[in-house]
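Here the structure comes first, spelled out in structure tokens, and everything after it is commentary.
Residue numbers begin at 1 in each chain, while the letters A, B, ... track the order of the sequences. For the numbers below, each heavy atom of this structure counts, side chains included, while hydrogens, waters and symmetry mates do not.
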There are 2 protein chains.
Amino acid sequence: MQTICKWTMIPSMENACQAAKILKSIGARVTPARVLMLETLHSGCGLFTAQALHEDLPEGTADLATVYRFLALLVRKNLAREVTGTDGVLYYEMACSHNPSHPHFECRSCGRIYCLEGCLPEEWKHFPACPQGHGVESVSVVFRGTCSNCLGKLEKEAKE
Amino acid sequence: MQTICKWTMIPSMENACQAAKILKSIGARVTPARVLMLETLHSGCGLFTAQALHEDLPEGTADLATVYRFLALLVRKNLAREVTGTDGVLYYEMACSHNPSHPHFECRSCGRIYCLEGCLPEEWKHFPACPQGHGVESVSVVFRGTCSNCLGKLEKEAKE
DNA sequence: GGCCTACTTGCAAACGATTTGCAAATGGAC
DNA sequence: GTCCATTTGCAAATCGTTTGCAAGTAGGCC
Ligand SMILES: [Mn+2]
Ligand SMILES: [Mn+2]
Ligand SMILES: [Zn+2]
Ligand SMILES: [Zn+2]
């Protein structure tokens with residue numbers, strides 16, 4: 001995972017004890033597991049699965065079930081977003097102010113999901129009128145096709 | 001399931017033996033189970049799950065595994081589209097010419113998924129340039145919120 | 001500091017939609 | 001009819017996710 005944002009989930013937060021402050025701000029207890037999970041999330045960006053976060057944690061930090069429960073908590077508190085992949089696997093991403101909601105690209109060939117930050121056309125940001133009177137709260141836009149990586153490989157194979 | 005289209009999956013098709021013709025057109029064998037499944041699909045519209053289709057079939061038509069295999073075939077042949085719900089469940093819908101790709105609305109409260117036919121703004125039909133050079137082949141747009149049905153119930157409760 | 005209670009955790013078992021292996025049945029070409 | 005690839009039912013496996021529960025812990029209070 002690569003770094004993109006610096007604990008900006010809560011505006012005007014000091015550098016020290018960020019994890020603890022974030023946890024307190026959502027009324028959750030500060031436990032070693034949660035602090036380590038937040039710190040690990042801090043060092044990464046993009047989409048990740050519960051499994052992936054679990055593997056990135058220092059050995060023995062938390063059980064996989066605990067990771068799932070923590071991610072569900074973050075989603076409930078709007079500190080993370082949940083994306084269901086086509087394969088039914090749950091992906092998460094932090095919802096800090098530097099990482100607003102954005103479209104994703106899912107590769108049909110390799111299955112990888114890319115974040116498309118800052119590429120949503122202006123017009124797409126306004127929800128269209130919903131003809132059946134539903135109360136729209138959010139949109140998710142997912143493009144599908146063949147990613148640049150896989151396109152490259154296919155070209156290479158074609159040459160051989 | 002409600003009726004919306006009349007075997008228009010294949011242009012200029014006669015009314016008789018439609019199911020058989022459709023199956024032949026995709027190079028699949030014409031079996032009783034497949035014909036009945038197509039006929040059942042014909043009598044419905046909107047999203048459905050493998051389970052739902054299975055329950056709508058005449059008793060003993062096909063095993064649930066067969067339904068799954070048939071739906072996978074239809075998707076492979078572009079006669080059906082597959083949508084993964086937030087809950088990870090697979091939904092299908094027929095991709096006949098009267099039922100082009102469209103956005104969906106998923107209710108956070110009751111979980112129901114609505115088809116939003118003909119409400120996609122013109123601008124949304126043109127894929128935005130994909131900054132990372134991926135080959136975009138399709139878009140899926142899913143709105144989320146509270147459906148009109150649930151909104152009504154909530155209002156009613158508020159009054160009491 | 002100790003006490004108390006509600007919240008957290010690890011563990012293992014359950015879950016449930018979907019997939020798969022396999023042997024028997026059958027479609028369709030000849 | 002013969003033959004072979006395709007299709008099927010059945011039951012078991014899959015696997016990411018959820019859950020029950022007993023033991024552990026955070027943090028408010030005195
Ligand atoms: Mn993203
Ligand atoms: Mn639809
Ligand atoms: Zn790819
Ligand atoms: Zn609803």
Tell me the interatomic distance from [X], atom [atom1], to [N], atom [atom2], rounded to whole angstroms.
X       : N      : atom1 : atom2 : result
A:Leu90 : D:dT17 : CG    : P     : 5 Å
A:Asp87 : D:dT14 : CG    : P     : 18 Å
B:Phe70 : C:dT18 : CZ    : P     : 17 Å
A:Asp63 : D:dT19 : CG    : P     : 15 Å
B:Leu64 : C:dA17 : CG    : P     : 9 Å
A:Ile26 : C:dC7  : CD1   : P     : 14 Å
B:Tyr68 : D:dT8  : OH    : P     : 16 Å
A:Arg76 : C:dT8  : CZ    : C1'   : 12 Å

B:Glu106/B:Arg144 salt bridge by N-O under 4.0 Å criterion
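So B:Arg144 pairs with B:Glu106 through a salt bridge.
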Starting at the 5' end of DNA chain C, which residue's closest nucleotide do you reach first, B:Ala65 or A:Gly27?
A:Gly27
Ranking A:Thr66 and B:Ala72 by the position along DNA chain C of their nearest nucleotide, the one closer to 5' is A:Thr66
Do the ring planes of A:His134 and B:Phe105 sit parallel (below 30°), tilted (30 to 60°) or perpendicular (above 60°)?
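Answer is parallel, since the angle falls under 30°.
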What does B:Arg34 touch in the nucleic acid at a heavy-atom separation under 4.0 angstrom: a base, only the sugar-phosphate, or nothing?
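The residue B:Arg34 makes sugar-phosphate contact but no base contact.
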What does B:Thr61 touch in the nucleic acid at a heavy-atom separation under 4.0 angstrom: a base, only the sugar-phosphate, or nothing?
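The answer is sugar-phosphate, as B:Thr61 gets under 4.0 Å only of primed atoms, P, OP1 or OP2.
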With the side chain of [X] defined as its heavy atoms from C-beta on, choose the nearest nucleotide among [options].
X       : options                : result
A:Thr31 : D:dA26, D:dT17, C:dC11 : D:dA26
B:Arg29 : D:dT19, D:dT6, D:dG16  : D:dT6
B:Val89 : D:dT17, D:dA26, C:dA17 : C:dA17
B:Arg69 : C:dA17, D:dC10, D:dA26 : D:dC10

Tell me if a side-chain donor or acceptor on A:Gln132 pairs with a main-chain N or O of B:Cys115 at a distance below 3.5 Å.
yes
Between atom OG of B:Ser140 and atom CZ of B:Arg81, what is the distance when rounded to the nearest 0.5 Å?
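That separation rounds to 11.0 Å.
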Quick one: do B:Val136 and A:Val139 end up in the same hydrophobic cluster if we chain Ile, Leu, Val, Met, Phe, Trp and Tyr together by side-chain heavy atoms under 4.5 Å apart?
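Yes.
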